[in-house]
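These notes are about the structure you will find just below.
For the single chain, residues carry numbers from 1 onward in sequence order. Remember, predicted model here, so these are calculated numbers, not experimental data.
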Amino acid sequence: MSIGENMEILDRYDTTFFEKSMAALSISLEKKQICQFLTYYEILTEWNSFMNLTAITDFSEVVRKHFIDSLLVLKCLDFQNEMSLIDVGTGAGFPGIPLKIMVPHLRITLLDSLQKRITFLEEVINKLELTDIEAIHGRAEDFAKSGKLREKYDFCVSRAVSNLSTLSEYCIPFVKVGGIFVAYKSDKIEEELKSADKAFSLLGGFLKEKVNLILPGSKEKRCILLIEKRKKTPMKFPRKAGVPAKEPI
């Protein structure tokens, strides 16, 4: 039975809030996509029982704080055919897997430094019957080097909690000139933005747009930063492992 035919899973959950929230974002969910998200949730909570993937396990909270939050970027960007995206520090697959479910034609790489999480992600990819998506074990500082994944992607996304200067050094080297680094942040971003100006400039980026949003079903504010890659990143970046976090640009 394919995942699109597994309608029994729909009887186990109330997806009204999810569907209404997505509709509020002008996004419609197909039955197959709902089944994929529900299957994802079940795999996430099963694996979370024996390894640390997320502190959020309640269904409604996972829907709101992981699924919907990951998809807010769809209000900011139109992902065309043949576009590629890398999710740096993907963890349990956010935002990369929700984006793949909603935009199946995206070619996606999930990058994480912990092998156990990669094993989990491979299970999710298999069970959700996703194609043109890979999970890679490694550090951003290593895979952004020349000859690997450097400047290969139209988009780089990250929900990681690193400060913006550090996150930019990890992520901008993956983006092609003309591409976009998408940083998911809270609304309290002004100080980080000021200190990140130098990093953007040195890495070849430019703040194209700052989009303020409200997470549906809450008063929680979100900020999506769209940093356009306007020139190649100097080869000395990213610096060796650990340095970007200890000594932000």
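When atom types are taken as modelled, the side chain of Thr166 and the backbone of Pro244 share a donor-acceptor pair closer than 3.5 angstrom. His137 places no side-chain N or O within donor-acceptor distance of the main-chain N or O of Arg117, the cut-off being under 3.5 Å.
Side-chain rings of Tyr13 and Tyr41 approach one another, their centers coming within less than 6.0 Å.
Proximity of Ile136 to Ile118: side-chain heavy atoms (C-beta onward) are nowhere separated by under 4.5 Å. Counting heavy atoms from C-beta outward, Gln36 and Leu130 have side chains that approach closer than 4.5 Å. For the pair Lys221 and Ile214, the minimum side-chain heavy-atom distance is below 4.5 Å. Lys176 is not listed as a side-chain neighbour of Lys229, based on a closest heavy-atom distance of 4.5 Å or more. Residues Ile27 and Met102 have side chains in contact (heavy-atom distance under 4.5 Å, counting atoms from C-beta outward). Contact of the Glu169 side chain with the Leu203 side chain is registered, since non-hydrogen atoms from C-beta on lie closer than 4.5 Å.
Nearest heavy atom pair, residue Gly91 against residue Leu121, reads O-CD1, 3.8 Å. Of all heavy-atom pairs spanning Cys223 and Lys210, the tightest one is SG-CG, 3.2 Å. Of all the heavy atoms in Phe155 and Met83, the pair that sits closest is CE1-SD, 3.3 Å.
Atom NZ of Lys208 sits in a sparse spot, with 12 or fewer heavy atoms from other residues, nucleotides or ligands closer than 6.0 Å. Atom CD of Glu122 is surrounded by more than 12 heavy atoms from other residues, nucleotides or ligands within 6.0 Å.
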Given salt bridge (Lys or Arg N to Asp or Glu O under 4.0 Å), test Arg159 with Asp69 step by step and report yes or no.
CA-CA 10 Å; Arg159 288 175 81 221; Asp69 188 80; 2.9 Å; yes
Quick one: do Glu42 and Arg12 satisfy salt bridge (Lys or Arg N to Asp or Glu O under 4.0 Å)? Show the steps, please.
CA-CA 11 Å; Glu42 291 193 345; Arg12 299 202 288 271; 3.0 Å; yes
Full working for salt bridge (Lys or Arg N to Asp or Glu O under 4.0 Å) between Glu228 and Arg230:
CA-CA 6 Å; Glu228 184 178 3; Arg230 293 194 170 179; 3.7 Å; yes
Atom pairs and distances, donor-acceptor, side-chain atoms in residues 50-57, under 3.5 Å, two or more places apart:
{"from": "Thr54", "atom 1": "OG1", "to": "Ile56", "atom 2": "N", "distance (Å)": "3.0"}
{"from": "Thr54", "atom 1": "OG1", "to": "Ile56", "atom 2": "O", "distance (Å)": "3.3"}
{"from": "Thr54", "atom 1": "OG1", "to": "His66", "atom 2": "NE2", "distance (Å)": "3.0"}

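With Tyr40 as the fixed residue, the side-chain contact (heavy atoms from CB on, under 4.5 Å) test singles out one of Thr45, Val62, Ile97: Ile97.
Partners of Arg64 under the salt bridge (Lys or Arg N to Asp or Glu O under 4.0 Å) rule, at least two apart in sequence or in another chain, are Glu61, Glu220.
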